[in-house]
Amino acid sequence: MSDTRSLREREKLIFEASSPGRVGYQLPTLDVPAADPAATIPAASLRGEIAELPEVSEVDVVRHFTRLSKWNYSVDEGLYPLGSCTMKYNPRINEEVVRLAGIAHLHPLQPVDLVQGALALMWELEQALIAVTGMARVTLQPAAGAHGELTGMLMIRKALQARGEHRKVVLIPDSAHGTNPATAVFAGFEVVEIASNEQGTLDLEPVRTHLDGGNVAALMATVPNTLGVFEPEIARLAGMLHEKGAFLYMDGANLNAFVGVAQPGKMGADALHINLHKTFSTPHGGGGPGAGPVAVSQALVPFLPVPTVEKSGDRFDLVHDHPATIGKVRGFYGNFGMLVRALAYIRSMGGAGLKAMTEGAVLNANYIRKSLEGIYNLKYTGPSLHEVVFDDSRQAEKGVHNIDIAKRLLDYGFHPPTMSFPLIVHGALMIEPTESEGIQELDAFIEAMKAIALEAEENPEMLHGAPYTTPVRRLDEVRAARQPVLRWQRPRE
Ligand SMILES: *Cc1c(COP(=O)(O)O)cnc(C)c1O
């Protein structure tokens with residue numbers, strides 16, 4: 001019987017497509033004597049044989065990887081509603097700018113005199129982020145959000161040490177992103193979890209109780225929080241913390257909910273990381289490095305990582321002379337390419353454009369919320385900002401869980417939302433459409449979610465087998481995590 005499955009179903013690993021003696025290159029015949037590697041390279045560094053590389057032709061390679069690339073899903077293809085991750089469209093103009101020769105060919109060891117333009121760019125980005133956040137200064141060094149958190153918490157630790165204090169406790173709400181407690185522990189603190197109230201937000205009382213103990217270094221709060229809900233007491237919390245000599249670390253990964261509308265500086269934040277790869281549209285999610293600049297209040301300025309970019313007249317310098325600095329947190333000055341893309345985005349949007357971005361993100365999240373409430377359960381009913389968290393409790397009555405809904409969405413052609421986070425919502429489906437989406441795309445997603453809710457009523461069993469249309473069907477996720485097979489091995493003859 002011939003194999004009538006489609007190419008897509010027959011796709012092999014490139015190792016399995018190997019055919020002895022097949023090559024992907026043509027070299028001219030040697031017209032000089034062949035060198036003896038053993039004569040020039042120490043024996044210990046020589047490989048006996050290059051084992052098991054696939055033997056394939058150029059067209060084999062091109063077709064294999066082109067076919068695989070078509071299995072991919074990206075923001076360039078459709079809605080990517082991964083909550084908290086802000087998978088917005090990355091405008092092509094950013095890529096044009098970062099590929100300009102004068103930028104792409106820079107070397108981090110070039111003398112300051114020859115990179116004045118690059119320093120001007122960094123300085124300008126710092127000014128833009130100061131304007132957005134209302135904070136005193138910004139370091140551009142951290143390479144991601146979590147790295148920004150660590151940078152901020154190390155500054156807070158240093159500031160306390162400078163006062164001769166060794167406070168140990170960091171308060172973190174139970175709605176927090178997992179990186180927050182991890183960061184606090186990594187920076188040498190102990191985490192005390194604060195329970196959210198009925199609205200999923202922070203009350204003053206539990207924080208006050210802990211502050212009275214005198215050992216609190218900081219509160220780490222995500223604003224808006226991971227439910228997509230604004231923390232209404234944040235300014236009062238900041239006041240209480242400051243009164244007791246503690247700091248407010250604000251997780252600003254969700255800054256796309258209020259750029260151009262509100263400023264963390266005015267809410268009393270002392271340190272705040274910004275995910276350029278979320279709010280300011282630089283690629284992420286398998287798409288390259290990130291950048292997590294940290295904005296600080298006046299109280300933390302002396303502790304900023306070195307070097308800082310300083311301007312005097314028309315000249316820019318890298319300044320290392322900050323005696324209280326926490327030091328360097330990154331080789332060189334951070335992921336420069338991300339800084340360029342973010343500034344290109346900020347400059348092309350302008351102040352009014354950034355505000356419109358925020359309004360679009362909030363409008364889209366609320367449109368989805370209104371369209372699906374009553375169909376999927378909303379545990380917290382406070383108004384949404386940039387994202388909305390549903391749960392699977394209605395569908396669970398029929399034995400259908402968030403994983404089934406997420407997997408079924410793949411059959412409808414959408415990337416699933418974030419699942420099972422935040423932890424305070426059991427069976428969470430956290431949807432963040434971003435402002436990139438037009439109403440047609442939102443409606444198509446809403447229709448798909450409604451169709452799945454109907455399937456959950458009428459044919460719940462079917463959903464347990466989803467997805468049905470993808471090249472790879474549902475995996476045993478526990479086995480994939482516990483017994484991963486990460487290398488191809490030649491099958492035994
Ligand atoms: C994404 C995110 C982070 C971590 O950012 P990374 O760049 O992935 O390290 C931290 N907090 C929140 C709320 C986030 O959404």
Side-chain angles (χ1 to χ4, degrees), residues 75 80-88 90 129 133 139-154 170 172-187 191 194 196 200-202 218-231 234 248-259 264 267 269 271-295 329-330 334-335 337-339 341-342 361 365 384-389 417-425 428-434:
V75 273
Y80 205 131
L82 212 47
S84 209
C85 296
T86 316
M87 306 300 288
K88 64 168 71 174
N90 310 131
L129 296 178
T133 58
T139 174
L140 303 174
Q141 273 184 40
H147 191 198
E149 290 173 30
L150 181 63
T151 304
M153 292 309 288
L154 290 177
V170 171
I172 301 184
D174 55 7
S175 62
H177 196 268
T179 50
N180 290 186
T183 294
V185 170
F186 212 75
V191 173
I194 305 281
S196 309
T201 57
L202 276 172
L219 166 72
M220 287 184 93
T222 304
V223 183
N225 67 19
T226 55
L227 295 165
V229 176
F230 187 72
E231 287 290 351
I234 195 68
L248 173 60
Y249 185 94
M250 206 188 272
D251 182 327
N254 298 333
L255 200 65
N256 57 323
F258 54 65
V259 172
M267 301 172 201
L272 161 106
H273 74 267
I274 303 161
N275 290 48
L276 296 187
H277 48 288
K278 292 180 181 171
T279 305
F280 296 105
S281 103
T282 71
H284 67 302
V294 178
V329 297
R330 181 82 185 142
N335 287 329
M338 293 298 122
L339 310 182
R341 288 175 174 90
S384 289
L385 289 179
H386 63 300
E387 65 195 359
V388 53
V389 182
T418 296
M419 275 181 28
S420 307
F421 174 76
L423 301 178
I424 53 174
V425 180
L429 288 160
M430 180 197 222
I431 301 173
E432 178 176 14
T434 84

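We're numbering straight along the sequence, starting at 1. Read the numbers this way: they start at 1 and go in the same order the structure lists the ligands and their atoms.
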- Task: Counting heavy atoms only, name the option from Pro289, Ala291, Gly290, Ala146 that's nearest to atom 9 (O) of ligand 1.
- Result: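 It is Ala146 whose heavy atom sits nearest to atom 9 (O) of ligand 1.
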- From the candidates His147, Glu387, Lys278, His273, the one that places a heavy atom nearest atom 2 (C) of ligand 1: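 Going through His147, Glu387, Lys278, His273 one by one, Lys278 has the nearest heavy atom to atom 2 (C) of ligand 1.
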- Task: Run the contact test for His284 against ligand 1 with a 4.0 Å cut-off on heavy atoms, strictly below, and give the result.
- Result: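 So His284 does not count as touching ligand 1.
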Hey, are the side chains of [X] and [Y] touching, using non-hydrogen atoms and a 4.5 Å cut-off?
{"X": "Pro142", "Y": "His273", "answer": "no"}
{"X": "His284", "Y": "Met87", "answer": "yes"}
{"X": "Asn335", "Y": "Arg330", "answer": "yes"}
{"X": "Phe258", "Y": "Val223", "answer": "yes"}
{"X": "Glu387", "Y": "Ile431", "answer": "no"}
{"X": "Thr222", "Y": "Asn180", "answer": "yes"}
{"X": "Met430", "Y": "Val425", "answer": "no"}
{"X": "Met220", "Y": "Asp251", "answer": "no"}

- Between Ala253 and ligand 1, which part of the residue brings a heavy atom under 4.0 Å of the ligand: side chain, backbone, both or neither?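 For Ala253, the contact with ligand 1 is made by the side chain alone.
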- Task: Examine the proximity of ligand 1 to Thr86 and report which part, side chain or backbone, both or neither, has a heavy atom under 4.0 Å away.
- Result: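 Answer for Thr86: neither.
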- Can you see which heavy atom on Arg341 is nearest to which on Thr282, and at what distance?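 Scanning both residues completely, I find the closest heavy atoms to be CB-CG2, 3.6 Å.
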- Query: Is any N or O atom of Ser84, backbone or side chain, closer than 3.5 Å to an N or O atom of ligand 1?
  - Reply: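 Yes, there is a polar N/O contact under 3.5 Å.
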- Query: Below 3.5 angstrom, do we get any N/O pair linking His277 and ligand 1?
  - Reply: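 Looking only at distances, the answer is yes, because the N/O contact criterion of under 3.5 Å is met.
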Which of the atoms in ligand 1, numbered in the order shown and given with their element, are less than 4.0 Å from a heavy-atom of [X]?
{"X": "Gly145", "answer": "5 (O), 6 (P), 7 (O), 9 (O)"}
{"X": "Asn275", "answer": "1 (C), 5 (O), 6 (P), 7 (O)"}
{"X": "Ala144", "answer": "7 (O), 9 (O)"}
{"X": "Glu149", "answer": "10 (C), 11 (N)"}
{"X": "Asp251", "answer": "10 (C), 11 (N), 12 (C), 13 (C)"}
{"X": "Thr179", "answer": "10 (C), 11 (N)"}

